[in-house]
There are 2 protein chains.
Amino acid sequence: MRDPEATLRQHDLPVTAQRIAVLRAVSGHPHATADDLAESVREDIGTISRQSVYNVLNVLTDKGIIRRIQPADSPARYEDRIGDNHHHLVCRACGKTEDVCCAVGEAPCLKAHSHHGFKIDEAEVIYWGTCPACQKKKRS
Amino acid sequence: MRDPEATLRQHDLPVTAQRIAVLRAVSGHPHATADDLAESVREDIGTISRQSVYNVLNVLTDKGIIRRIQPADSPARYEDRIGDNHHHLVCRACGKTEDVCCAVGEAPCLKAHSHHGFKIDEAEVIYWGTCPACQKKKRS
DNA sequence: CATTCTTTTTGACAAAGTCCAAAACTCGGT
DNA sequence: ACCGAGTTTTGGACTTTGTCAAAAAGAATG
């Protein structure tokens, strides 16, 4: 995120210290949970309420400024990288999340299944596995 | 599910009325939530505790007899159909879930991304959209 | 049938998030 | 620079989904 303040103004959002700090936190800690982000923000500007973190994250998500990902058995995580159609690789053991470029180009299967009458707007892919650290732990 | 009782025995699970009823409920109500299933089971055998529903669902999931799917913003849902590599189509508005055959054959991208050092064991795909009923509701 | 081991039940608890009303702040006009 | 209107932020209570633990009840083996 180049300039959090400018980003907020571009979207007609009042600029507050909390919003700037949350944006910076999301930018600096990809795939962090709301709690992690609250912690970062507190280190940054001293204090913020839990509710405000949720408010800000919800507004930013609604406006499409950040993306929320919600793997099973994990609290929601947030990221900065949007619009590049990448997917995620999640460790079953520790929740570590990594980005994976979409190998197949632009949202491959979006149109293939337009039966059922659903209007599909996103194809979400999550690769489940075990991260290197947890593989090591399990062996020992 | 042909014969719930036989299925339980095959997996060395003691046969109880609750387990049989939960299996039947999952079979008869694909993509139902734990609460929905508890309700079905109660209509079937009269009464069951909330905890037992969770116990049974967890055991059955661990044994691979049923599958748990956990879309964002929705409680876990359970289904009977396993081992045929199908994916899901979820309505953002009402949570309605449908099966979608995997168009691309056997777990297409599983090997493509074996970098990162992760040991990947599953590629989960969820198509997000709006079901016909909710499209109609939104328009009116 | 009786014993043993597993399940079921009951009730408390935990995590993640939302709802609500009051206080504080931002923005735009003057 | 200030004021007023409308948003945000805060703090606290609450909801939902699910788990933990101990006691009571049930299934399976000999």
Side-chain angles (χ1 to χ4, degrees), chain A residues 4-23 25-26 31-39 41-42 44-63 65-66 68-78 90 94-95 97, chain B residues 4-23 25-26 31-39 41-42 44-63 65-66 68-78 90 94-95 97:
Chain A
E5 191 169 333
T7 306
L8 292 171
R9 290 194 200 288
Q10 277 164 32
H11 291 268
D12 284 318
L13 290 172
V15 176
T16 67
Q18 290 85 346
R19 298 222 240 237
I20 294 174
V22 169
L23 256 178
V26 172
H31 310 136
T33 64
D35 257 17
D36 297 338
L37 293 170
E39 210 37 57
V41 170
R42 292 203 183 96
D44 190 1
I45 62 170
T47 164
I48 193 174
S49 71
R50 201 166 61 102
Q51 184 60 55
S52 289
V53 175
Y54 281 111
N55 286 158
V56 174
L57 290 173
N58 285 340
V59 173
L60 297 179
T61 304
D62 287 350
K63 294 276 183 180
I65 300 171
I66 62 177
R68 173 191 287 134
I69 53 186
Q70 295 169 266
D73 296 318
S74 159
R77 291 159 186 276
Y78 297 85
V90 182
C94 69
T97 304
Chain B
E5 191 169 335
T7 306
L8 292 171
R9 289 193 202 290
Q10 277 163 32
H11 289 84
D12 284 318
L13 290 171
V15 175
T16 67
Q18 289 86 344
R19 298 225 241 234
I20 294 174
V22 170
L23 256 178
V26 172
H31 311 134
T33 64
D35 255 18
D36 297 338
L37 293 169
E39 208 39 54
V41 170
R42 292 202 183 97
D44 190 3
I45 63 170
T47 166
I48 193 174
S49 70
R50 204 165 60 103
Q51 185 63 54
S52 290
V53 176
Y54 281 109
N55 285 349
V56 174
L57 290 173
N58 286 340
V59 172
L60 297 179
T61 303
D62 287 351
K63 294 276 182 180
I65 300 171
I66 62 177
R68 172 191 288 134
I69 54 186
Q70 296 171 265
D73 297 318
S74 160
R77 291 160 186 276
Y78 297 85
V90 182
C94 70
T97 304

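In this text, all values refer to a predicted model and were calculated from it rather than measured experimentally.
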Heavy atom of residues 6-16 of chain B under 4.0 Å from DNA chain C: which residues?
B:Pro14, B:Thr16
Across all chains, not counting sequence neighbours, the side-chain hydrogen bond (donor to acceptor under 3.5 Å, both in side chains) partners of A:Asn55 are none
Tell me, please, which residues at least two apart from B:Arg77 pass side-chain hydrogen bond (donor to acceptor under 3.5 Å, both in side chains).
B:Ser74
Please give, in whole Å, the distance from C:dT10 C1' to B:Ile48 CD1?
14 Å
Could I get a table of every N or O pair under 3.5 Å where one atom is in the protein and the other is in nucleotides 16-20 of chain C?
unit_1, atom_1, unit_2, atom_2, d
C:dG17, OP1, A:Ala76, N, 3.0
C:dG17, OP2, A:Tyr54, OH, 2.9
C:dG17, N7, A:Arg50, NH1, 2.8
C:dG17, O6, A:Arg50, NH2, 3.1
C:dT18, O4, A:Arg50, NH2, 3.3
C:dC19, N4, A:Gln51, OE1, 2.2

CD of B:Glu39 versus C1' of D:dT17: gap in Å, rounded?
16 Å
Hey, mind stepping through B:Asp36 and B:His31 against side-chain contact (heavy atoms from CB on, under 4.5 Å) and telling me if it holds?
CA-CA 10 Å; B:Asp36 297 338; B:His31 311 134; over 6 Å; no
Are B:Ser52 and C:dT8 close enough that a side-chain N or O sits under 4.0 Å from OP1 or OP2?
no
Please say which of A:Leu37, A:Val41, A:Ile65 ends up in a side-chain contact (heavy atoms from CB on, under 4.5 Å) with A:Val26.
A:Leu37
Set of side-chain hydrogen bond (donor to acceptor under 3.5 Å, both in side chains) partners for A:Glu39, sequence neighbours left out
none
Just wondering, do B:Val22 and B:Ile66 contact through their side chains at under 4.5 Å, heavy atoms?
no
Can you tell me how far CG of A:Asp44 sits from CD1 of A:Ile20, rounded to the nearest 0.5 angstrom?
10.0 Å
Taken in chain and number order and not counting sequence neighbours, the residues that satisfy side-chain hydrogen bond (donor to acceptor under 3.5 Å, both in side chains) with B:Ser49 are B:Ser52
Is there a side-chain polar atom (N or O) of B:Gln18 under 4.0 Å from OP1 or OP2 of D:dG26?
no
